[in-house]
Number of protein chains: 2
Amino acid sequence: MAGDDGEAVRNKQVIFRDYVSGFPKETDMEVRESAMKLRLPEGSNGILVKNLYLSCDPYMRNRMKKLDVPSYRDSFQPGSPVTGYGVARVLESGHPNFKKGDLLWGFTGWEEYSLITAPETCFKIAHADVPLSYYTGLLGMPGMTAYAGFFKVCSPKKGETVFISAASGAVGQLVGQFAKLFGCYVVGSAGSKEKVDLLKNKFEFDDAFNYKEEPDLDAALKRCLPEGIDIYFENVGGKMLDAVLLNMKIHGRIAVCGMISQYNLEQPEGVHNLMNMVLKRVRMEGFTVFDYYHLYPEFLEMVLPQIKEGKIVYVEDTAEGLENAPAALVGLFSGRNVGKQVVVVSHE
Amino acid sequence: MAGDDGEAVRNKQVIFRDYVSGFPKETDMEVRESAMKLRLPEGSNGILVKNLYLSCDPYMRNRMKKLDVPSYRDSFQPGSPVTGYGVARVLESGHPNFKKGDLLWGFTGWEEYSLITAPETCFKIAHADVPLSYYTGLLGMPGMTAYAGFFKVCSPKKGETVFISAASGAVGQLVGQFAKLFGCYVVGSAGSKEKVDLLKNKFEFDDAFNYKEEPDLDAALKRCLPEGIDIYFENVGGKMLDAVLLNMKIHGRIAVCGMISQYNLEQPEGVHNLMNMVLKRVRMEGFTVFDYYHLYPEFLEMVLPQIKEGKIVYVEDTAEGLENAPAALVGLFSGRNVGKQVVVVSHE
């Protein structure tokens with residue numbers, strides 16, 4: 001460990017510059033070095049951590065805006081480090097939940113060392129016999145999102161048809177695998193041949209298509225799912241949602257996890273086919289993982305054995321070092337990443 | 001009763017001419033006289049009825065189109081009578097559920113006399129101590145729609161805020177009264193001062209506004225419901241839905257009953273604010289009354305005493321005679337009707 005008690009160490013940070021409109025750019029962030037004393041402030045019940053892995057997630061786009069209304073997460077603060085999910089090791093603890101040396105995942109800063117002031121929102125990592133970076137993805141927020149979204153929001157039944165957009169992403173690849181293991185027929189869309197190959201060959205989806213090569217999304221869905229869609233796991237919004245609405249089956253369900261295709265538009269696209277919700281009696285439900293974290297133990301109980309038995313696989317796209325973090329985050333919105341985008345701050 | 005056994009009687013009919021695009025016009029239908037023998041065909045298990053009251057309902061617009069996909073009701077047949085809900089008296093029965101003289105409500109033709117070939121879909125009227133026309137509205141399909149939509153789809157809680165569009169219509173006026181009796185704060189929108197007065201003074205809504213006089217629907221909703229909307233009962237779609245999405249509370253619910261503002265457009269308007277469903281964790285559910293008719297006895301048990309005690313009132317807009325039926329139906333789509341639109345074929 002660098003720095004003795006009281007001695008200042010270098011703390012490299014990714015600073016959020018200012019609110020963003022349109023597509024975010026690398027230059028909306030800058031990497032700076034500051035100094036930090038590796039000691040918990042007197043009387044603090046926070047924890048001091050060394051960050052190991054950071055998570056790049058689509059919902060972070062919303063936090064680059066000045067929000068008019070409170071959302072489930074505050075905006076980034078211009079001039080302060082980006083914040084988000086990460087995996088970290090405890091250097092010093094003022095909180096009864098954690099002790100020095102513990103591993104955790106939760107909300108932290110995009111920097112080498114962070115003072116976490118609300119450690120009760122972090123999860124202690126009890127199972128370190130899997131890659132620790134998985135706690136930014138498969139075993140972290142995206143994993144819980146896939147679990148809650150599919151099993152709790154979609155109310156799946158064996159044999160139903162499931163369609164997933166952004167299907168090779170951090171959440172989508174898991175929804176598809178959960179749905180296959182559960183006994184559903186699973187189709188996904190993604191934005192490159194490489195990603196479609198992953199869906200079909202690595203994640204064993206029943207079918208998949210590259211939405212960028214389909215002039216008619218409605219026709220693509222009818223080709224892959226001629227009998228219609230029972231469950232749509234929505235990650236993209238816009239034109240894809242409109243095409244899906246034409247293909248929903250009676251009493252179908254749509255879990256709205258996100259709408260990444262819309263986040264960088266000044267005015268979101270209009271969705272025209274909502275009347276199909278009445279004709280087909282469709283339920284569409286927006287959800288966030290925050291309402292489901294109490295299910296984390298039951299999720300781990302299901303998924304840890306599946307990982308060890310090789311029934312669930314997980315693809316990560318890894319950026320090495322905080323210097324590469326801005327590009328990694330920005331790349332999410334052009335689909336540059338293949339699989340879950342992780343930033344490695346330190347391997348130990 | 002006119003006509004002896006075997007003798008042909010006049011049967012005035014409202015004939016559907018051809019499929020309609022854009023706003024329907026009176027001339028899309030024509031009133032004709034034909035002759036009909038008032039005798040059930042040999043061996044028929046149908047029933048022969050005299051129609052008393054006919055119901056004009058927004059869903060009928062969809063049936064004026066040639067449908068590409070099967071919907072919950074077939075298209076009208078060009079050259080044949082319009083069909084829809086009505087109240088009728090049985091003249092002759094080949095079905096064990098009905099006998100001569102019974103009153104019923106259910107699917108019938110827009111004509112003086114009809115042969116109903118699927119009488120098992122009709123409900124026998126056991127309570128004739130209320131206006132019989134109520135069985136086209138308050139005690140018929142619209143009443144069941146309001147009951148199922150509000151109590152079963154919206155999952156209301158006492159003290160919640162409820163917003164209803166097209167609130168003085170056949171369904172809206174009941175949803176509002178059910179919600180008030182249940183202990184909710186209720187606001188409605190309608191398209192004239194007269195209708196807004198009805199909402200406030202007759203149906204005792206807490207507040208109401210005329211959407212045609214509001215340049216900014218978002219502002220109107222914020223004025224009437226400054227803390228937001230827990231439940232939206234959706235009858236209109238389009239711009240109103242977009243404004244509502246900006247005002248939903250966390251874990252709000254939207255029951256989509258219909259989208260009358262969209263039915264006559266070549267291309268439905270785009271809805272832009274769906275991402276609010278994620279930010280606010282909103283559930284939006286399309287439904288049709290057909291999935292809930294098994295609840296009709298429990299509905300009657302609730303509503304009949306409320307009618308008799310004067311806790312529920314019902315406003316009808318009555319057109320006299322089949323000659324006036326085309327104008328009555330067409331008027332729904334310009335909001336000409338004040339309250340539930342009924343056509344009287346015969347008072348006895």
Side-chain angles (χ1 to χ4, degrees), chain A residues 58-59 61-62 67-73 145 149 153 228 234-239 241-242 245-263 265-292, chain B residues 58-59 61-62 67-73 145 149 153 228 234-239 241-242 245-263 265-292:
Chain A
Y59 80 92
R61 177 64 187 83
N62 199 43
L67 298 174
D68 311 326
V69 286
S71 181
Y72 39 79
R73 285 287 183 198
T145 301
V153 181
E234 163 69 303
N235 289 311
V236 305
K239 291 179 182 65
L241 176 56
D242 246 346
L245 284 165
L246 297 175
N247 288 280
M248 290 303 290
K249 288 168 79 170
I250 284 178
H251 292 132
R253 288 132 274 149
I254 300 176
V256 190
C257 179
M259 295 188 164
I260 194 169
S261 75
Q262 306 298 300
Y263 296 169
L265 305 178
E266 281 298 301
Q267 157 84 317
E269 290 177 281
V271 172
H272 299 270
N273 297 326
L274 290 168
M275 186 56 198
N276 285 272
M277 292 187 64
V278 183
L279 301 176
K280 310 286 185 60
R281 296 95 117 175
V282 169
R283 168 164 64 83
M284 173 150 72
E285 190 164 345
F287 74 102
T288 77
V289 69
F290 305 110
D291 291 332
Y292 296 94
Chain B
Y59 81 91
R61 177 63 187 84
N62 199 42
L67 298 174
D68 311 327
V69 287
S71 181
Y72 39 80
R73 286 287 183 198
T145 301
V153 181
E234 164 70 302
N235 289 312
V236 305
K239 290 180 182 66
L241 176 56
D242 246 347
L245 284 164
L246 297 175
N247 288 280
M248 289 304 290
K249 287 167 80 170
I250 284 178
H251 292 132
R253 287 133 274 151
I254 300 175
V256 190
C257 179
M259 297 188 161
I260 194 170
S261 75
Q262 307 298 300
Y263 296 168
L265 305 178
E266 281 299 302
Q267 156 85 316
E269 289 177 282
V271 171
H272 299 271
N273 297 326
L274 289 168
M275 186 56 199
N276 286 271
M277 291 187 66
V278 183
L279 301 176
K280 312 286 185 57
R281 298 95 116 176
V282 169
R283 168 164 64 82
M284 174 151 70
E285 192 165 344
F287 74 100
T288 76
V289 68
F290 305 110
D291 291 333
Y292 295 95

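Not measured: the values here are computed from a predicted model. Numbered from 1 within each chain, the chains take letters A, B, ... in sequence-line order.
In this structure, B:Lys239 places its NZ atom where only 12 or fewer heavy-atom neighbours from other residues, nucleotides or ligands lie under 6.0 Å away.
The part of A:Gln267 that comes within reach of chain B is its side chain, from C-beta onward, which places non-hydrogen atoms under 4.5 angstrom from that chain. Only the side chain of B:Leu241 comes within contact range of chain A, with at least one heavy atom under 4.5 Å from a heavy atom of that chain. For chain B, the nearby part of A:Val282 is the backbone; its heavy atoms alone come within less than 4.5 Å.
Under the rule for a side-chain hydrogen bond (donor to acceptor under 3.5 Å, both in side chains), B:Asn235 has no partner lying at least two apart in sequence or in another chain. Partners of B:Glu285 by side-chain hydrogen bond (donor to acceptor under 3.5 Å, both in side chains), not counting sequence neighbours, listed by chain and number: B:Arg283.
Here the shortest heavy-atom pairing between A:Val278 and B:Thr288 reads O-CG2, 3.5 Å.
Within the 4.5 Å cutoff, no side-chain heavy atoms of A:Gln262 are placed close to those of B:Leu274.
Atoms OH and CE, on B:Tyr263 and A:Met275 in that order, are 3.5 Å from each other to the nearest 0.5 Å.
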